[in-house]
Amino acid sequence: MDEQTSEQKLYDFWEKAGLFKADPKSSKKPYSLLMPPPNVNGDLHLGHAMQQSILDAVARFKRMQGFDVLLLPGVDHAGIIFESTFNKELAKENLSKQKLGYDSWMKRAWKFKEKIYNSFHNTWTFLGISADWSREVFTLDPKIQQATFVEFKTLWEQDLIYKGAYIVEWCPKCNTAIEDVEMEYEERKEKLYYVKYQIQNNNVIPAEAGIHGSRIISQRLIVFWTKYGMTDQFITIATARPETIYADCGIAVFPNHPKFAKFIGKFAINPLNNNQIPIFEDTRVEKDFGTGALKITPGHDPLDFAIGKDHNLPILHAIDKLGKMTDLAGDLQGLKIAEARAKVAEILEQNGTIEKVEEYTHSVPVCERCKTTVEPLISEEWFIKMKPLAEKALKNLDKINFLPKNYDKILGDWLSGIHDWCISRNLWWGHRIPIWYKGNQIQVSKDSPGEDWVQEEKVLDTWFSSGMWPLSTLNWPSSAKASEGKPDKSDELEKYFPWDFELTAPEIKYLWIARQIMLSLWFKDSIPFKNMFFHGTLRGIDGKKFSKSLGNGINPYDLVQLWGVDATRMALYSYSAPGRDGRTSRQIIDERCRNYRNFGTKIKNIYRFIYELKPKEIATSPTAPRNDISTTLGTDVIAIRQLPEKQSHIDNKKILEELNKTINDVTKNLESFQLHLATETLYEFIWHKFADVYIEKSKDRRAEAQPVLEYVFQTCLKLLHPFMPFLSEELWQKIAPGESIMTKNWPKTI
RNA sequence: GGGUACUUAGCUCAGUGGUAGAGCGCUACAUUCACAUUGUAGAUGUCGGGGGUUCAAAUCCCUCAGUACCCACCA
């Protein structure tokens, strides 16, 4: 507990001294790091702690190297996940979106957001993150609202935004569209019906068959076919959802189907309503599934929707948003899906169009909240045409240094096969789409264009705003305009963009990273960041992801309480190899933390030995703190190093050479963001070379060794500072009261 | 189905062409010494299997097997 408060004190000291602040007016070269904004949906977990510790180490390193460092923090409103989390909270009080209504729901949502926000700040502070808090941004802040609006308006004016039909997953019970993340999959045993569709023969369809009539007397079909010798004149399809047959609009078969190819271009007859539906080829139909023919129901299936779109089929709905049959189903209108399915099966059985029924186990998407089977439904949504943006990104991908390297190719592949981005969401939490309607008129506007204009109810996809994060956090577009007028050196966008360093978890490489690259190039004609670091994911010991529901998460706060911040950070760096996942458990992470806690203790003892237990006869040596102790000492040590062999002890030369090597290695490893190697090098040098060997042997010749002891130790503190900020600062201030190690220069070799 | 990685000491992982490494654990010894949150010494591995390239392969290539993740899909 004592340690915690002393760390808090140091943190306050740094903040008050303004050491975290970037200075756009500074003449120093800029180095900018963008914090990936965590989602406001719960406490920060161990993965966040690792991510932020990496970020902080790089920032502290660059500051000491003499850069004007901007580490810009922020938080993402995270539409879907936030709403889902928040609505679950409300459910505990037996409340819901519907019950509260828009205004009071929103009020409570902001309060909930504040609560999470505060917990984020605690975590950042106790981890020692040296971000410039005066510039902190939330994705719903006014300036981000403005940037998002300009983003939308520009794309709209460039004719890249359009409204189109789109399949959304609809939960009939919650009466809302739900997102992938809100879906679960359940293994269900269902029946797979093989249904025969008669082929229409233009020549021989007698009126008596009733094909053109209202509803055929189904039982008579088979009799009829047999009578006219047409028993092989049909296509069989397999379906698990026969009730959707009412909305069938076509039948697709895979190319060169041995049995069905001859029917291409003809029409099939819907066995439920006798509609004539076209038969055509499509490569998306799988040869080996079902019969190789697929009924196309664009209103109720995403694949069918896509196929239907390409073949200009209409979109019909047999099921409505409440999960009930529509008027398309005739007598079955109003029935629930399950009832309708049973009825349809009966009808098909009666009219002899069922070839066979198979037991069939497959996973069915269900709503995570109410476990109701989710129904795909067509809905009107907003899209961006991505092709031109992706093409520009593809051309510039090689300008970004990806770690690990192969992400260049992974993102490239994705960009090459890009499809349009659906940017609208049926949520309340987010940026409202700035579209206004009045009758048939449409306008893009931030505020109401006047009386009787109604705003689009949907909000924008979270990634639509966070995709602009690299620009909007630096006050784009207003600063862009300012700089167009007359160049101003203090302009922050010009100074800090593109960002020098960005890092994130690999699972959002497409959702976030690819979009940032596309949007930055589109709006600013520049890559958003120069170095893109994908860290690994911390997983459970079984290799599976940590998750709240499994309860296998590890709270960084617990570790910090037990082992201290610096030790926890060091343990996390040991997992920070780019792109490498780490398996861990509370026990294993504790082992590592304990090891680094011991390392910290070792360092404190080295300090005690060198400074507090300095023999009296050298107590007045010229190594007492001055303005810059390291410079002064460095001179002394250089002198020692340059002494001829006989006068300078061989151990001195050896340790100074090894220190040089350590400085080089640590610097190189930090420059290439290999923090796991940097910390390992330091650990090895300080403990096993400096303490175990040099210090031990120096005891016989203490006075002579003292300048070297001090020099090596001070250099180590500086090298250690990016990783163990608190311990290094605490000891530095004991050596040089009133100074901060943060303001010292990064060590150079001598 | 498409993609990406991983497989090295009992465990968790580094190392990516030149005599197998760390931490934890294990064994033995030491300890009034800055530090037992310690020190010294030690044991433990055909670097997933098989094949190839090379003077030389844990490291490069091919192949098989297992594991995990990402994306898509499940008529």
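Below, read A as the first sequence line, B as the second, and so on, with proteins coming before strands; counting in each chain starts at 1. These numbers come from the heavy atoms of this one structure, side chains and all, not from hydrogens, waters or symmetry mates.
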Which part of the nucleic acid, if any, lies within reach of A:Lys295 when heavy atoms closer than 4.0 Å are counted: base, sugar-phosphate only, or nothing?
-> nothing
Whole angstrom value for the distance that separates P of B:U16 from NZ of A:Lys405 = 15 Å
Ring pair (Phe, Tyr, Trp, His ring centres under 6.0 Å) filter on A:Phe402, not counting sequence neighbours, yields none
Using a heavy-atom cut-off of under 4.0 Å over every strand shown, decide if A:His419 touches base, sugar-phosphate, or nothing.
-> nothing
Among the candidates B:A34, B:U37, B:G39, find the nucleotide nearest to the side-chain atoms of A:Asp692.
-> B:G39
Would you classify A:Leu613 as touching base, sugar-phosphate or nothing, given that sugar-phosphate means primed atoms plus P, OP1 and OP2, and contacts are heavy atoms under 4.0 Å?
-> sugar-phosphate
For A:Thr584, side chain to side chain donor-acceptor pair (under 3.5 Å) partners two or more places apart | A:Tyr575
According to the Watson-Crick and G-U wobble definition with distances under 3.5 Å, which dot-bracket string, read 5' to 3', encodes RNA chain B, using [ ] for crossing pairs and | for pairs with another strand?
-> ((((((((.[[[[.)..(..]]]].(((((.......))))).....[[[[[..)....]]]]])))))))....
When all nucleic acid strands are considered with a 4.0 Å heavy-atom cut-off, which category describes A:Lys509: base, sugar-phosphate, or nothing?
-> sugar-phosphate
When we call it a touch if two heavy atoms are under 4.0 Å apart, what does A:Leu294 touch: a base, just sugar-phosphate, or nothing?
-> base
Has the side chain of A:Glu696 got a donor or acceptor that lies under 3.5 Å from a partner of the other kind on the base of B:C35?
-> yes
To the nearest angstrom, how far is A:Arg592 atom CZ from B:G23 atom P?
-> 12 Å
Salt bridge (charged side-chain N to carboxylate O under 4.0 Å, His left out) involving A:Lys409 - partner list, sequence neighbours excluded | A:Asp413
Can you check the A:Asn595 CG to B:G25 C1' distance for me, whole Å?
-> 12 Å
Using only heavy-atom distances, decide whether a donor-acceptor pair under 3.5 angstrom links the side-chain of A:Arg580 to the base of B:U4.
-> no
Rounded distance (Å) that lies between atom C1' of B:A14 and atom CG of A:Asp581 | 15 Å
Please work out which residues in residues 664-681 of chain A have a non-hydrogen atom less than 4.0 Å from an atom of RNA chain B and list them by number.
-> A:His676, A:Leu677, A:Glu680
A:Asp301 side chain vs A:Thr297 backbone, donor-acceptor pair below 3.5 Å = no
Sugar-phosphate, base or nothing in reach of A:Thr584, heavy atoms under 4.0 Å | nothing
Charged N to carboxylate O under 4.0 angstrom, A:Lys604 versus A:Glu612?
-> no
Please identify each residue that fulfils side chain to side chain donor-acceptor pair (under 3.5 Å) with A:Trp463, with sequence neighbours left out.
-> none
